[in-house]
Amino acid sequence: MPELPEIETIKNGLLEKVLGKPILEVEVNNASVLRGGKNIFKKTLGGESFTDITRRGKMLIFEIGENVADKKFLLARLGMTGRLVYFDSDDALWGGYSFKDKKSFSHKHCHVIFTFEGGGVLLFCDVRRFGYMEIVDEMGLKNKLEEFGPEPLSPDFTLGIFRDIARNKKTNIKAFLLNQKYIAGIGNIYADEILFESKIDPQRSIDSLSVKEIRAVYDAIGKILKKAVANRGTTFSDYVDAAGDKGNFKKFLKVYGRAGEQCLRCDTKKIRKIKIAGRGTSYCECCQK
DNA sequence: CCTTGTGTTCTCCG
DNA sequence: CCGGAGAACACAAG
């Protein structure tokens, strides 16, 4: 499940690999992962290069070309199982590349292939096809960006801002953390880890949280996400970075995926798993109140 | 049946 | 009856 730390890691990897490289060809094997037509997609990208790559929440933004007057952007969302992997040679496409996770790398799930000058290829693969790519103009990008709450690792994301966002919310803290319009980039893994770190029961409603508890959640958001970025994200099942490598944060997970196991903090209760907002939620009844 | 990110639709409430 | 918030559902396939 690529969340903020995973998308950030992919973005950094792609910046090193594809920035400024002319795109020779775009092959679309499955147009259902494109929003908008395949022809517009190929026409917009052909002969251009990515002049910048940024991230907003779980969305990747590729700036296309040097034309300042009429900028276009490629937006990529990976959904649950989407991957963006770069290979220095297109041998990868024909089985000649020693991919580190061969089992889950299947040509049949490669929906878009970008070929760069010099022979590098960038693959957009997605088994479940929840992910998609889309070309937008400046206005379209602006509209998309407005759907997101603040970036939790930005200096603009202050305790005061967090309190303002949380004010008057009736929903539970877990659903709140997952909602991209409140804070951008948190998904199911980090929501559970943040609530474990801050010792808050995921079922608690926002308006029941004390000033101190709000601050604990705020602090945990920064702490967990920073550490996850530093460790190149979490690989639970599908996630790999732009080079095909797994993330290293899994070993630091304290609740996610530990249902039925002894709590690592209080060592008195087993981690319980319930469903909140339709999502599996792991927490310790003993230490999260 | 389970898994989750996101886009849509439904329902509730003032 | 309108708007907004929040909840519920739909989707995909291993």
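The shown structure was predicted, so the numbers you read here are calculated from the model rather than taken from an experiment. Reckoned from all heavy atoms, side chains included, excluding hydrogens, waters and symmetry mates. To find a chain, count down the sequence lines: A is the first, B the second, and so on, and within it residues start at 1.
A:Lys72 and A:Glu48 are not joined by a salt bridge, as no carboxylate oxygen comes within less than 4.0 angstrom of a charged side-chain nitrogen. Using a 4.0 Å cut-off between a side-chain N of Lys or Arg and a carboxylate O of Asp or Glu, A:Glu151 and A:Arg56 qualify as a salt bridge. Ion pairing of A:Arg232 with A:Asp241 is present here, as a side-chain N (NZ or NE/NH1/NH2) and a carboxylate O approach within less than 4.0 Å.
Taking atom NZ on A:Lys169 and atom P on C:dG6, their separation rounds to 6 Å, with Å as the unit. Rounded to whole Å, the distance from CZ on A:Arg167 to P on C:dA5 is 16 Å. Going from atom CZ of A:Phe176 over to atom C1' of C:dA5 covers 14 Å, rounded to whole Å. Put simply, CZ on A:Arg83 is 13 Å from C1' on C:dG14, counting in whole angstrom units.
One axis for each end of the helix from B:dC2-C:dG14 to B:dG14-C:dC2, each built from five base pairs, and the angle between them comes to 40° at 10° resolution.
Centroid-to-centroid, the aromatic rings of A:Phe157 and A:Tyr218 come within less than 6.0 Å.
Rounded to the nearest 0.5 Å, atoms CD (A:Glu27) and CD1 (A:Ile113) are 4.0 Å apart.
Looking at A:Ile274 and A:Tyr283, their side chains come closer than 4.5 Å, going by heavy atoms from C-beta outward.
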Give each protein N/O atom lying under 3.5 Å from an N/O atom of nucleotides 7-9 of chain C, with the pair distance.
| from | atom 1 | to | atom 2 | distance (Å) |
| --- | --- | --- | --- | --- |
| C:dA7 | OP2 | A:Thr171 | OG1 | 2.9 |

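Residues meeting the side chain to side chain contact (heavy atoms under 4.5 Å, CB included) test with A:Glu146, sequence neighbours left out: A:Lys142, A:Asn143.
Remark: A:Arg129, A:Phe130 in residues 129-137 of chain A come within less than 4.0 Å of DNA chain C through at least one heavy atom.
Chain A approaches DNA chain B over the interval B:dT3 to B:dG7, counting the first and last nucleotide 5' to 3' with an atom under 4.0 Å from its heavy atoms.
When hydrophobic side chains of Ile, Leu, Val, Met, Phe, Trp and Tyr are connected at separations under 4.5 Å, A:Val211 ends up as a singleton with no cluster partners.
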